[in-house]
Every structure is written in C-alpha cells, then in structure tokens.
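Starting from 1, each residue takes its place in the sequence as its number. What you are looking at is a predicted structure, and each value in this text was computed from that prediction instead of being measured.
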Amino acid sequence: MTENTDFSSKSDAGSKTMNKTCWMLKRYGRLARNAAESEGRSSWKVFENSESAGQLVFNIVESGHLLVSQGPELLEGFSLLNASSFLKVLRKTDVLLFRMTAKGEGRVFQVQFAGSSREEALELCSSAVACLKQHVPVEDAPVPNGSAQTGPRADPEPRPSLQQPGACAEQPAGTLKPEESESSLSVQRLAQCFLGQAGVSLPMAYRQQALPSVSLGPLLRLCLLDCSFPAWVEQVEAELTGLAHR
C-alpha cells in the first residue's frame, strides 16, 4: 500500500523562525534509493524533531550555501551558485520540494516549515522562498480543488504533483537499504572523510562543483606563490584533525 508524503498537515505550536535566513522545520524527507530503483520503486525517509535528535533547521547562509541540519547532523549542504543548472524547487503550501541532478545522478528531498499556526508556517515558507529566489527559480505546485490535507504516515510516498516521473511504491518492510552516501553526515564524519579516515562516499551534493573549473588553475598557482600558503595548509589540516577526533 502506498502512503501519502504530503507534509502539509497542521504545524506544531511555538515560534519556529530564527532569522530571515534561518528557519525551523517541522519535517524533512529524503527520497531513498534502493536496489529496486530501476523498477520505479523507492521510499521516503522522514526526519522529525525530537529531544534525542534535535531541532530541524533550514538555513541559507550569506555565502549562498543551503544547509539542512538536525542537531550535529548535516542532512543537506550545497552551494546555490549556478543552482538553476542543477536544482529545481517546487512549492506546495508550506512544503518545498528540491530536485537535484549532477553527474547523471539525482537527489530529491523536501522540507516542511514549522509555525505556531498554519498561517505562520505558510508565512515562513514564503519568507524562505523569497530568499531562495535570489539564487534559483521557485515554482508553485498546482493544488487540486477540494483535496484533503493530511499528515504523513509511516514511510510516506509523494503525491503525483511532488514526485519524480514514474509511480513510486513502498518497499516491503525490511528490504530498504539506502546507500551509505545517502545518509546524514556529522561535521566530525565529514572531517574524517576529507582526511581519508572514513570509509564512506560523500552524498551527490558534495560532488557538485560550484566554482568554475577555469578559475582553479590561476587560483592554485597564486596560492603556491604565497610563502604563507604551506603554513595555512598545515593549519587547515590541524583543524580538520581536531574536528575529526571530537
């Protein structure tokens, strides 16, 4: 039986905004890939706020990076530079759906904003959309007249307007095995990966090059000609080592 992944149910109570570029979330969901993907079958992995895991946060930092985190775990993180070339964003009420494509691979996730009321959640989503539109177009999804708004159940599936081409069916219990690169990563885990200490491949978003490659050569040569560059590299490595062993 397929399940509904429409996140647009009544929002939690309490003020959920932090500032104009950082918003509290009610839910985050990631479309998990699996061995049956070639048959058009996949399942959603949904994260909610809890005392043990922490608060879900959606952040667009000044440098133009989009971050979704829960406590120390980084759920999504990528640059919005040239985002229109690899990212599509769809809005439905207080939910944003993100579809990324890079190097022939795709990634789909969605977030639902939290608020003390339904109206506040919609307002916060609109605020985030206004910020996102500075980097990438945001489309509005059509909402059928008279459609019921229901909350997600276990292992939810998207409505047709929010899913990838092709129908998605729920995997039988116990058979879903998301790839390790699709899981969330802590800052400590990322530091270990960059130092070659962790046996994990990074999520697809980390393989998206935002800086034009033609700029790398001159920039690298300029750095090598700076006599302070080797010391800076050693300092970066020391900081990464410190983060990896926290």
Please determine whether side chain to side chain contact (heavy atoms under 4.5 Å, CB included) holds for the pair Thr93 and Arg118, giving the CA-CA distance in whole Å, both sets of side-chain angles, and the decisive distance to 0.1 Å.
CA-CA 10 Å; Thr93 61; Arg118 174 74 167 171; 3.7 Å; yes
Value rounded to 0.5 Å, distance of CZ in Phe47 from CG in Leu56:
8.5 Å
Side-chain heavy atoms nearer than 4.5 Å, only ILVMFWY residues, links allowed to pass through others: does that put Val129 and Leu122 together?
no
For a quick test of reading the model, state the closest non-hydrogen atom pair linking Gly29 to Trp44 and the distance between them.
O-CZ3, 3.4 Å
Atom CG of Leu25 and atom SG of Cys125: how far apart are they, to the nearest 0.5 Å?
10.0 Å
Does the side chain to side chain contact (heavy atoms under 4.5 Å, CB included) test come out yes or no for Gln110 and Leu96, once each step is laid out?
CA-CA 5 Å; Gln110 57 183 331; Leu96 293 180; over 6 Å; no
Can you list the steps and then say if Arg30 with Glu76 is a side chain to side chain contact (heavy atoms under 4.5 Å, CB included)?
CA-CA 10 Å; Arg30 177 195 305 137; Glu76 301 289 343; 4.2 Å; yes
Result block: side-chain N/O donor-acceptor pairs under 3.5 angstrom for residues 60-72, not counting sequence neighbours:
unit_1 : atom_1 : unit_2 : atom_2 : d
Ser63  : OG     : His65  : ND1    : 2.8
Gln70  : NE2    : Glu48  : O      : 2.8
Gln70  : NE2    : Gly54  : O      : 3.1

Identify, with sequence neighbours excluded, every residue that meets side-chain hydrogen bond (donor to acceptor under 3.5 Å, both in side chains) alongside Asp140.
none
Exam field: side chain Glu237 to backbone Val233, donor-acceptor pair closer than 3.5 Å
no
Smallest heavy-atom separation, Leu124 atom then Ala114 atom, equals CD1-O, 3.0 Å
Got a second to check how far Leu97's CG is from Arg99's CZ, nearest 0.5 Å?
5.5 Å
Check whether the side chains of Ser126 and Arg91 place a donor and an acceptor atom closer than 3.5 Å, and report yes or no.
yes
When rounded to the nearest 0.5 angstrom, what is the spacing between CD in Glu234 and OG1 in Thr241?
11.5 Å
Run through Phe109, Tyr28, Phe86 and flag the one making a ring pair (Phe, Tyr, Trp, His ring centres under 6.0 Å) with Phe98.
Phe109
From CA spacing to verdict: side chain to side chain contact (heavy atoms under 4.5 Å, CB included), Leu90, Val95:
CA-CA 8 Å; Leu90 192 68; Val95 175; over 6 Å; no
Residue pairs meeting side chain to side chain donor-acceptor pair (under 3.5 Å), one or both in residues 128-139, sequence neighbours left out, come to none
Parallel, tilted or perpendicular, as decided by the 30° and 60° cut-offs, for the rings of Phe113 and Trp23:
perpendicular
About how many Å separate CD of Gln112 and CG of Asp94, when rounded to the nearest 0.5 Å?
4.5 Å
Kindly give the heavy-atom pair with the smallest separation between Ser85 and Asn82, and that separation in Å.
OG-O, 2.6 Å
